[in-house]
Amino acid sequence: MSTRQERRRQERLAKKKAKTYEISMKMIQPWSCPILKTKLPPDILGKMLEITDRIVENKKNEKSWGENLAGQVEHELWIDNKELENAGIYGFFLDVIRQFVIQTQIQRLGPGKEQLVRSTEWLVQMLSMWIVNQYPGEYNPTHIHTQCQISTAMYLKVPKFDDSVKKHRNDDDGSICFTGPASRDLELTNPQWQHRPEVGDFFIFGAQQFHHVYPYKCSQGDPERRCVSFNAVFQSREEHEKMKKQGLIGTYQKSA
């Protein structure tokens, strides 16, 4: 019998004798850079389109937020939080951010701390929200967001992108790309992850997470790529009360 045949025979025998087990497994990633990807519910997407359509159509008279941003984009327009309150969707965004906080704190603290994290009252404050009204040739260079803890990006309009010059890199143009401090185990981690957005995609990530957006070309249909972002901060009720006694507090909100 050949060596290969004998090896296969031994493998078959081992499988027959092997005992199977059902075990619980948990990934421990205290130093990872979590990115939450979800989809906006249809009614939230519709209301965000209504709000931003109104602002974009009147962009010459709306407040620009561009001087606070890194993007090489002409129109970056501020959205007042009252717009979300009036549309009845403000609480949705606070709730999603709060769930992101809970999941990241469980991941950060590791096994055995889940009950502690879930029993904690987490306060959330939404800061500035703005529209990135992007067109072909415009882009966002690699950057982070400052004076906050959490950042977001949601996609309300996505154009039909032209093919890239190099077909094997066809997903680059118009994509958002996240870059992080990967470990030396390059077979197990990746220092970069990118995604060509679709309408309704909603990302939540740490404000110190480096990210950028590639430019794109569009020769068919509406060329607008409309993204809305907002920054947020969070704090436990316990920490909030400690700071309150010291006179060092901001305004945090509960969901509606």
**Student:** Provide the closest heavy-atom pair for G174 versus Y216 in the form atom of the first, atom of the second, distance.
**Tutor:**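 Scanning both residues, the minimum pair turns out to be N-CB, 3.7 Å.
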**Student:** Which atom names give the shortest non-hydrogen contact between F100 and P34, and what distance separates them?
**Tutor:**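 Result for this residue pair: CZ-O, 4.1 Å.
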**Student:** When rounded to the nearest 0.5 angstrom, what is the spacing between OG1 in T52 and CZ in R226?
**Tutor:**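 If we round to the nearest 0.5 Å, T52:OG1 and R226:CZ are 4.0 Å apart.
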**Student:** Determine the minimum heavy-atom distance between P141 and H212, stating which atoms define it.
**Tutor:**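 Of all heavy-atom pairs spanning P141 and H212, the closest is C-CB, 3.6 Å.
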**Student:** Does the side chain of Q115 come under 3.5 Å of the side chain of R118 through a donor N or O and an acceptor N or O?
**Tutor:**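 Q115 vs R118: no donor-acceptor pair found between side chains.
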**Student:** Is the closest side-chain heavy-atom distance between I51 and L84 below 4.5 Å?
**Tutor:**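 Yes, side chains in contact.
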**Student:** Is a donor on one side and an acceptor on the other found under 3.5 Å between the side chain of K47 and the backbone of A87?
**Tutor:**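 Confirmed, K47 side chain pairs with A87 backbone.
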**Student:** For the backbone of L127 and the side chain of N231, can you confirm whether one donor and one acceptor N or O come within less than 3.5 Å of each other?
**Tutor:**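 Not at all, since once roles are kept as given, no pair shorter than 3.5 Å links the two residues.
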**Student:** Is any side-chain heavy atom of F230 closer than 4.5 Å to a side-chain heavy atom of I97?
**Tutor:**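 F230 reaches I97 side chain to side chain.
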**Student:** Looking at side-chain heavy atoms only, is the closest gap between E239 and T120 below 4.5 Å?
**Tutor:**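 Side-chain contact under 4.5 Å: no.
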**Student:** Can you tell me how far apart NZ (K242) and OG (S236) are? Round to the nearest 0.5 Å.
**Tutor:**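 Taking NZ in K242 and OG in S236, the distance rounds to 7.5 Å.
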**Student:** Any side-chain to backbone donor/acceptor pair from Q209 onto G206? Under 3.5 Å, distance only.
**Tutor:**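 The answer is no, because no donor-acceptor pair under 3.5 Å joins these two groups.
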**Student:** For F205, what residues pass the ring pair (Phe, Tyr, Trp, His ring centres under 6.0 Å) criterion, not counting sequence neighbours?
**Tutor:**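 For F205 the ring pair (Phe, Tyr, Trp, His ring centres under 6.0 Å) partners, ignoring immediate neighbours, are F178, H211.
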**Student:** Can you list the residues that meet the side chain to side chain contact (heavy atoms under 4.5 Å, CB included) rule with T38, with sequence neighbours excluded?
**Tutor:**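 T38 satisfies side chain to side chain contact (heavy atoms under 4.5 Å, CB included) with L36, F202 once adjacent residues are dropped.
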**Student:** With rounding to the nearest 0.5 Å, note down the distance linking OG1 in T104 to CD in Q99.
**Tutor:**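 Interatomic distance, T104 OG1 to Q99 CD, rounded to 0.5 Å: 10.5 Å.
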**Student:** Where the side chain of R196 meets the backbone of N170, is there a donor-acceptor pair that is under 3.5 Å apart?
**Tutor:**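 Flag set: sc R196 to bb N170 pair under 3.5 Å.
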**Student:** Is I204 reachable from F210 through a run of I, L, V, M, F, W or Y residues, each pair having side-chain heavy atoms under 4.5 Å apart?
**Tutor:**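 No.
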**Student:** Could you state the interatomic distance from CZ (R237) to CH2 (W122), rounded to the nearest 0.5 Å?
**Tutor:**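 R237 atom CZ to W122 atom CH2 measures 12.5 Å (nearest 0.5 Å).
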**Student:** Are any side-chain N or O atoms of Q134 and backbone N or O atoms of C227, one a donor and one an acceptor, separated by less than 3.5 Å?
**Tutor:**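 No: the side chain of Q134 does not pair with the backbone of C227.
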**Student:** Give a yes or no on whether the backbone of V199 and the side-chain of K39 come within a donor-acceptor separation of less than 3.5 Å.
**Tutor:**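 The answer is yes, because a donor-acceptor pair under 3.5 Å joins these two groups.
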**Student:** So W130 and N68, do their side chains get closer than 4.5 Å, heavy atoms only?
**Tutor:**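 Side chain of N68 against side chain of W130, heavy atoms only: no contact under 4.5 Å found.
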**Student:** Once you round to the nearest 0.5 Å, how far does CG of L156 lie from CG of D201?
**Tutor:**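 Going from the CG atom of L156 to the CG atom of D201 covers 11.0 Å.
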**Student:** Parallel, tilted or perpendicular: which one describes the rings of H145 and H143, with boundaries at 30° and 60°?
**Tutor:**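 The rings of H145 and H143 lie parallel, inter-plane angle below 30°.
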**Student:** May I ask whether V124 and I102 are part of the same hydrophobic cluster, defined by side-chain heavy atoms of I, L, V, M, F, W, Y residues being less than 4.5 angstrom apart, directly or through others?
**Tutor:**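 The answer is yes; both residues are in one hydrophobic cluster.
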**Student:** If you look at every heavy atom in M48 and M154, which pair is closest and at what distance?
**Tutor:**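 Looks like CE-SD, 4.1 Å.
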**Student:** First locate atom CD1 of I55, then atom NE2 of H75, and finally report the distance between them rounded to the nearest 0.5 Å.
**Tutor:**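 Between atom CD1 of I55 and atom NE2 of H75 there are 14.0 Å.
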**Student:** Counting only heavy atoms from other residues, nucleotides and ligands, does the tally under 6.0 Å from CD of Q246 exceed 12?
**Tutor:**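 Correct, the count exceeds 12.
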**Student:** So for atom NZ, which belongs to K60, do other residues, nucleotides or ligands contribute more than 12 heavy atoms lying within a distance under 6.0 Å?
**Tutor:**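 Open.
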**Student:** Does atom NZ (K167) have a neighbourhood of more than 12 heavy atoms from anything else shown, all under 6.0 Å?
**Tutor:**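 Correct, the count exceeds 12.
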**Student:** Just checking K113: does its NZ atom have more than 12 heavy atoms from other residues, nucleotides or ligands closer to it than 6.0 angstrom?
**Tutor:**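 12 or below, so no.
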**Student:** If the plane angle is over 60° it's perpendicular, under 30° parallel, otherwise tilted; pick one for F203 and W193.
**Tutor:**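 Ring orientation of F203 relative to W193: perpendicular.
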**Student:** Going only through I, L, V, M, F, W and Y residues with side-chain contacts under 4.5 Å, is there a path from L116 to L123?
**Tutor:**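 Cluster IDs for L116 and L123 differ.
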